[in-house]
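Keep in mind the model is a prediction, meaning the values are calculated, not measured. Atom set for the values below is all heavy atoms of this structure, side chains included, hydrogens, waters and symmetry mates excluded.
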Amino acid sequence: MEASALGPARRGRRRTRAAGSLLSRAAILLFISAFLVRVPSSVGHLVRLPRGFRLTKDSVKIVGSTHFPVKVYVMLHQKSPHVLCVTQRLRNAELIDPSFQWHGPKGKIVSVENRTAQITSTGSLVFQNFEESMSGIYTCFLEYKPTVEEIVKRLQLKYAIYAYREPHYYYQFTARYHAAPCNSIYNISFEKKLIQILSKLLLDLSCEISLLKSECHHIKMQRAGLQNELFFTFSVSSLDTEKGPKPCTDHNCEPSKRLFKAKNLIERFFNQQVEILGRRAERLPEIYYIEGTLQMVWINRCFPGYGMNVQQHPKCPECCVICSPGSYNPRDGIHCLQCNSSLVYGAKTCL
């Protein structure tokens, strides 16, 4: 981002004048708190826009195929679409005396009385509260007569049914501050207050600030000598709306929209610091934000046991789909890793 309020040379001169100027802890806190008094209306520069999070939703009713297993994606703890025990060709055809029998993973028969996996009167399979353990291959055996005179025909339709979850997505920010000496207690106080203020700024959005890393380094400047700088890395993630301070019921409750608003507020907060410093007639404080160092990236992560694979799951490209047997995900990455000894869905270890 091109400097507007403070050019590099001017900033260097001010850093030199700031040498030896130590503020008390109270003054540092007041200086940071002052940034929340007024927020400019303009939106700052975004380094990287988040890709739109859109799930490719299956239709309400899914038909089978006699040539290959049809993939079905069901969100964890949600109701599934109706999985029909017919092909596309038979969907609108008359079937005389049809009978349906569903077999789940490991050949287990799915009964009509099952509370979680129900069979409708027309032979459709519906899950009411899909769990990880329900993932697997389901087979429907269909018997019917095309006409009264014809003999009974038999079909076997397979479905690969996967649990999926929304990714755990968040913004990761980095920023740099001119600092007091690296062993100074003022840096620690400043760090805590900065995170507190950012958390307060996002309180109504049900978003959480987490400090990932804070380091102080000595930086040699060509014209300003040796400087101390704080390198901050923090993340902003959305909390469940049920856990937030206020109930949230409209479309603005979507995590991606709340995160986008949080990103704008944080960016304005740092832009405001640049404006305040640019208007100061006196020398700079000991700790202050270095213009142009705020960087942002949008990060997707899957929960352990889940991963993204657009080649394997093209109908659900941005879903965190449960890892199939032969793979696992031990941590919050985005890929299921190969593991030939893994025999279950959703493996978190390779044993």
same_hphob_cluster(Ile334, Tyr164) at 4.5 Å side-chain heavy-atom cutoff
no

With ring pair (Phe, Tyr, Trp, His ring centres under 6.0 Å) as the criterion, how do Tyr169 and Trp298 come out once you've worked through the C-alpha distance, each side chain's angles and the decisive distance to 0.1 Å?
CA-CA 7 Å; Tyr169 40 92; Trp298 172 266; 5.3 Å; yes

How does the hydrophobic cluster around Leu90 look, that is, which other residues are in it when side-chain heavy atoms under 4.5 Å mark a link?
Val63, Leu84, Val86, Leu95, Phe100, Leu142, Tyr144, Leu155

Is there a side-chain contact between Tyr171 and Ile266, using heavy atoms and a 4.5 Å cut-off?
no

Atom pair CZ/OG of Arg301 and Ser235 - distance to nearest 0.5 Å:
11.0 Å

Glu215 atom CD: more than 12 heavy-atom contacts under 6.0 Å:
yes

State plainly whether one hydrophobic cluster holds both Phe173 and Leu211, where clusters connect Ile, Leu, Val, Met, Phe, Trp and Tyr through side-chain heavy atoms under 4.5 angstrom apart.
yes

Mind checking whether Leu76 and Val344 sit in one hydrophobic cluster, side chains of I, L, V, M, F, W, Y counted as touching below 4.5 Å?
no

With sequence neighbours excluded, give me every disulfide bond (SG atoms under 2.5 Å apart) pair touching residues 118-178.
Cys85-Cys140

Decide yes or no for Trp102 and Ile109: does some side-chain heavy atom of the first lie under 4.5 Å from some side-chain heavy atom of the second?
no

Check: Tyr73 and Val321 side chains under 4.5 Å, non-hydrogen atoms:
yes

Working for side-chain hydrogen bond (donor to acceptor under 3.5 Å, both in side chains), residues His218 and Gln227:
CA-CA 6 Å; His218 303 294; Gln227 305 290 323; over 6 Å; no

Evaluate the salt bridge (charged side-chain N to carboxylate O under 4.0 Å, His left out) criterion for residues Lys145 and Glu150: first the C-alpha distance (whole Å), next the side-chain angles of each, then the deciding distance (0.1 Å), finally the verdict.
CA-CA 6 Å; Lys145 287 184 176 182; Glu150 294 185 70; over 6 Å; no

Tightest non-hydrogen contact, residues Glu318 and Pro167, listed as O-CG, 3.4 Å

Rounded to the nearest 0.5 Å, what separation is found between the CG atom of Leu230 and the CD1 atom of Ile290?
9.0 Å

Quick one: does Ser189's side chain have a donor or acceptor within less than 3.5 Å of a partner on Ile185's backbone?
yes

Give, for atom CD1 of Ile322 and atom CD1 of Ile161, the distance between the pair rounded to the nearest 0.5 Å.
12.5 Å

Kindly indicate, with the supporting measurements, whether the criterion ring pair (Phe, Tyr, Trp, His ring centres under 6.0 Å) is fulfilled by Tyr177 and Phe190.
CA-CA 10 Å; Tyr177 276 78; Phe190 179 88; 4.9 Å; yes

Quick one: does Thr233's side chain get under 4.5 Å of Gln172's, heavy atoms only?
yes

Does Tyr159 belong to the same Ile/Leu/Val/Met/Phe/Trp/Tyr cluster as Phe68, with side-chain heavy atoms less than 4.5 Å apart forming each link?
yes

Output yes when a side-chain donor or acceptor of Lys158 lies under 3.5 Å from a complementary backbone atom of His67, and no otherwise.
no

Less than 4.5 Å apart, side chain to side chain, heavy atoms only: is that true for Gln338 and Tyr328?
no

Looking only at heavy atoms, which two atoms of Arg258 and Leu239 are closest? And how far apart?
NH2-O, 3.2 Å

So, the side chain of Ser342 versus the backbone of Cys339: is there a donor-acceptor pair under 3.5 Å, distance only?
no

Over all atoms of both residues, closest heavy-atom pair of Val70 and Ser65
CG2-N, 3.8 Å

Tyr138 side chain near His103 side chain, heavy-atom distance below 4.5 Å:
no

Do the numbers put Arg165 on top of the ring of Phe303, so that NZ or CZ is under 6.0 Å from the six-membered ring centre and no more than 45° off the axis?
yes

Just how far is it from atom CG of Leu205 to atom OG of Ser238, taken to the nearest 0.5 Å?
10.5 Å

Any carboxylate oxygen within less than 4.0 angstrom of a Lys/Arg side-chain nitrogen, looking at Arg154 and Glu143?
yes

On a heavy-atom basis, the closest approach of Cys323 and Gly307 is SG-N, 4.2 Å

Give a yes or no on whether His335 atom NE2 has more than 12 heavy-atom contacts from other residues, nucleotides or ligands under 6.0 Å away.
no

Evaluate the side chain to side chain contact (heavy atoms under 4.5 Å, CB included) criterion for residues Ile195 and Ser199: first the C-alpha distance (whole Å), next the side-chain angles of each, then the deciding distance (0.1 Å), finally the verdict.
CA-CA 6 Å; Ile195 297 302; Ser199 298; 4.1 Å; yes

Looking at Val60 and Pro81, what are the two nearest heavy atoms and their distance?
O-CB, 3.3 Å

Roughly how far apart are Leu194 CG and Ile287 CD1, rounded to 0.5 Å?
10.5 Å

Under the 6.0 Å and 45° cation-pi test, does Lys257 pair with Phe260?
no

To check you understand the geometry: which heavy-atom pair defines the closest contact between Leu125 and Ser80, and what is its length?
O-OG, 4.4 Å

Does a side-chain heavy-atom distance below 4.5 Å link Glu131 with His77?
yes

Check step by step if side chain to side chain contact (heavy atoms under 4.5 Å, CB included) holds for Asn329 and Lys348.
CA-CA 5 Å; Asn329 183 8; Lys348 302 175 180 62; over 6 Å; no

Decide side chain to side chain contact (heavy atoms under 4.5 Å, CB included) for Gln272 and Phe270; before the verdict, give the C-alpha distance in whole Å, the side-chain angles of both, and the deciding distance to 0.1 Å.
CA-CA 5 Å; Gln272 178 69 17; Phe270 281 91; over 6 Å; no

Please round to the nearest 0.5 Å and tell me the distance separating atom OG of Ser327 and atom CG of Asn309.
9.0 Å

Members sharing Ile96's hydrophobic cluster, built from side-chain contacts under 4.5 Å between Ile, Leu, Val, Met, Phe, Trp and Tyr, are Val148

Give the intermediate values and the outcome of side chain to side chain contact (heavy atoms under 4.5 Å, CB included) for residues Glu191 and Asn187.
CA-CA 6 Å; Glu191 168 191 309; Asn187 292 336; over 6 Å; no

Is there a donor-acceptor contact under 3.5 Å from the side chain of Thr293 to the main chain of Arg176?
yes

Once you measure the plane-to-plane angle for Phe130 and Phe127, does it fall in the parallel (<30°), tilted (30-60°) or perpendicular (>60°) bin?
perpendicular

Heavy-atom distance under 4.5 Å between the side chains of Val297 and Thr174, does that happen here?
no

